[in-house]
Amino acid sequence: MNETDTLTIIKPDAFGSGKAGHIIAHLESAGFRVVAAAVKHLSRDEAQAFYAVHRERPFFASLVEFMTSGPCMPIILRRENAVPELRTVIGATDPAEADEGTVRALFAESKERNAIHASDSAENAEIEISFFFAGTERLPG
Ligand code: CMP
């Protein structure tokens, strides 16, 4: 078995409305294991740094506002092919375009308040895992 790790964030919309447990159960049903988790209220600087790749986008200020609006739940998830499998399980950015049964189709409110984040490449997964969990204990591989 060649398992890898990826990062997800249950965003403030979903965490604040009590959907974290449902979302984690959904991800576990899809074969992911939680290997580290936290609850964190991002500061403005942290949200801007995490989403720096989007800083020129028209939605950047609003995205930072949203991501700092309440606590979120960063989680390291593990399974085979974790990065692409998680992207499939969460669905399209816009819940209106997300496949039936995906996390965003089930739990997201809008393109911005879309319940969950997932790393988009193995390289970014490592960067994003370090962002939240550098020096934190996680299950051995
Ligand atoms: P995420 O996968 O976390 O990556 C960037 C986030 O920006 C995305 O989810 C959405 O929350 C948000 N986003 C992306 N595109 C738009 C858009 N067109 N309008 C508003 N928010 C967006």
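Ligands are counted one by one from 1 in listed order, and the atoms in each one are counted from 1 as well. These numbers come from a predicted model, not from an experiment. Basis for what follows: all heavy atoms, side chains included, without hydrogens, waters or symmetry-related copies.
Protein residues lining ligand 1, listed by chain and number: Lys11, Tyr51, His54, Phe59, Leu63, Thr93, Arg104, Lys111, Glu112, Asn114, His117 [non-hydrogen atoms, distance under 4.0 Å].
The hydrophobic cluster containing Leu77 also contains Met73, counting ILVMFWY residues as joined when their side-chain heavy atoms lie under 4.5 angstrom apart, directly or transitively. Residue Leu27 is not grouped with residue Ile76 when hydrophobic side chains (ILVMFWY) are merged at heavy-atom distances under 4.5 angstrom, including chains of intermediate members.
Without hydrogens or angle criteria, Arg57 side chain to His54 main chain gives no donor-acceptor distance under 3.5 Å.
The aromatic ring centres of Phe50 and Phe131 sit less than 6.0 Å apart.
Between Lys40 and Glu46 there is a salt bridge, since at least one side-chain N of the basic residue sits less than 4.0 Å from a carboxylate O of the acidic one. The existence of a salt bridge linking Arg104 and Glu97 is excluded, since no basic side-chain nitrogen approaches an acidic carboxylate oxygen closer than 4.0 Å.
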